Amino acid sequence: MTLFQNQYRIESTRLNGWDYSNPWWYYVTINSKDHTEYFGNIESEKMVQNRMGQIAEEEWLKTKLIRSNVELDYFVIMPNHLHGIIIITNNSKDVARNVSTNNKFSEITPKFGSLSTIIRSYKSATSKRIHEIGYLKFSWQPRFYERIIRDEKELNNIRRYIEQNPLKWNLEEKKHDNICELS
């Protein structure tokens with residue numbers, strides 16, 4: 001951990017040298033702040049969404065509708081997190097916009113069309129809608145977990161993990177450090 005503005009921060013888990021706007025398949029996990037169970041609960045090994053869970057799913061599905069460079073694969077909304085596979089395509093209709101030409105953005109601002117901007121937009125839209133229905137304390141954990149999917153075997157393992165996540169909830173719900181077991 002390094003010290004930044006008198007606070008310690010966790011170093012980025014992003015792969016050095018990788019451009020996260022590259023067309024590729026990415027596995028992401030997005031957690032609610034403090035792992036608070038906002039989105040519903042598991043009943044009989046199935047996720048039963050409440051209104052906040054429905055909003056989280058609606059906004060996730062909108063991701064591909066409003067971004068021509070995004071496709072979605074398997075995903076699951078859980079009581080306190082979302083697991084999903086995002087495919088960034090090389091469709092240049094949206095990606096052609098180059099925000100780096102605008103001097104008001106910092107060099108560390110995520111690149112337009114990148115995984116970080118996609119997740120940031122998703123979290124923002126979801127938070128806005130949830131706040132509008134009266135849940136003002138709702139918030140996401142500041143960062144998200146990502147993994148570049150390396151091959152078809154890994155993709156199939158991740159898909160299986162996503163599908164089985166509700167089945168394993170009662171076994172793993174208190175193990176917040178156990179984000180993903182793919183073996």
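FYI, side chains are in, hydrogens and waters are out, and symmetry mates aren't considered; it's all heavy atoms of this structure. Residues: numbered from 1 along the sequence shown. Nothing here was measured: the structure is a model prediction, and the numbers come from that model.
Ring geometry for H83 against Y27 counts as parallel: the plane angle stays under 30°, on a 0 to 90° scale with 60° as the upper cut. Using a 30° and 60° split on the angle between ring planes, Y38 and F138 fall in the perpendicular class, above 60°.
Of all heavy-atom pairs spanning E59 and T126, the tightest one is CB-OG1, 3.4 Å. Residues M47 and I77 approach most closely at CG-O, 3.0 Å, considering heavy atoms. The shortest non-hydrogen separation linking V76 to P166 is CG2-CG, 4.0 Å. The minimum heavy-atom distance between L61 and L72, with the atom names listed, is CA-CD1, 4.0 Å. Of all non-hydrogen atoms in L115 and I88, the two that sit nearest each other are N-CD1, 3.8 Å. What you find for I87 and W25 is that their closest heavy atoms are CG1-CD2, 3.4 Å.
Side-chain atoms of R67 and S121 form a donor-acceptor pair, as typed in the model, at a separation below 3.5 Å.
Salt bridge status for K168 with E45: absent, with no side-chain N to carboxylate O gap under 4.0 Å. Salt-bridge formation is detected for the pair E58/R129: a Lys NZ or Arg NE/NH1/NH2 atom is positioned less than 4.0 Å from an Asp or Glu carboxylate oxygen. Salt-bridge check for R160 with E163: failed, with every basic side-chain N at 4.0 Å or more from each acidic carboxylate O.
Using modelled atom types, one side-chain atom of K123 and one backbone atom of P142 make a donor-acceptor pair closer than 3.5 Å. Here the side chain of N80 pairs no donor or acceptor atom with the backbone of E37 at under 3.5 angstrom. Distance alone, capped at 3.5 Å, is enough to place a donor-acceptor pair between the R150 side chain and the I148 backbone. Side-chain N or O atoms of D151 include one that pairs as donor or acceptor with a backbone N or O of K153 at under 3.5 Å.
Once rounded to the nearest 0.5 Å, the distance linking NE2 of H81 with OG1 of T36 reads 13.5 Å. Taking CD1 of I55 as the reference point, atom OG of S127 lies at 10.5 Å (rounded to 0.5 Å). If you take OG on S114 and CG on N22, they are separated by 10.5 Å, rounding to the nearest 0.5 Å. To the nearest 0.5 Å, the span separating CG on N31 from CG on L82 amounts to 9.5 Å. Taking OG from S32 and CD from Q141, the interatomic distance works out to 8.0 Å, rounded to the nearest 0.5 Å. Separating the CZ atom in F144 from the CD1 atom in I118 is a distance of 9.0 Å, to the nearest 0.5 Å.
Environment of CD in E71: sparse, with no more than 12 heavy atoms of neighbouring residues, nucleotides or ligands closer than 6.0 Å.
Cluster membership check: V48 does not share its hydrophobic cluster with M78, using side-chain heavy-atom separations under 4.5 Å among Ile, Leu, Val, Met, Phe, Trp and Tyr. By the criterion of side-chain heavy atoms lying less than 4.5 angstrom apart, applied directly or through intervening Ile, Leu, Val, Met, Phe, Trp or Tyr residues, I133 is grouped together with F39 in one hydrophobic cluster. Hydrophobic clustering (ILVMFWY, side-chain heavy atoms < 4.5 Å, transitive): Y74 and L167 are in distinct clusters.
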query: W60 and I86: side-chain contact (heavy atoms from CB on, under 4.5 Å), yes or no, with the steps?
result: CA-CA 10 Å; W60 184 254; I86 293 182; 3.5 Å; yes
task: Any chance you could lay out the side-chain contact (heavy atoms from CB on, under 4.5 Å) test for I30 and W140, step after step, and finish with the verdict?
output: CA-CA 8 Å; I30 310 168; W140 293 103; 3.4 Å; yes
query: Does the pair F75 and E57 meet the rule for a side-chain contact (heavy atoms from CB on, under 4.5 Å), with working shown?
result: CA-CA 9 Å; F75 74 94; E57 182 169 333; 3.8 Å; yes
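Residues I85 and L155 form a side-chain contact, since some pair of their non-hydrogen atoms from C-beta on lies under 4.5 Å apart. In this structure, the side chains of R147 and E154 come closer than 4.5 Å at one or more pairs of heavy atoms. Under the 4.5 Å side-chain criterion, counting only non-hydrogen atoms from C-beta, Y161 is in contact with N165.
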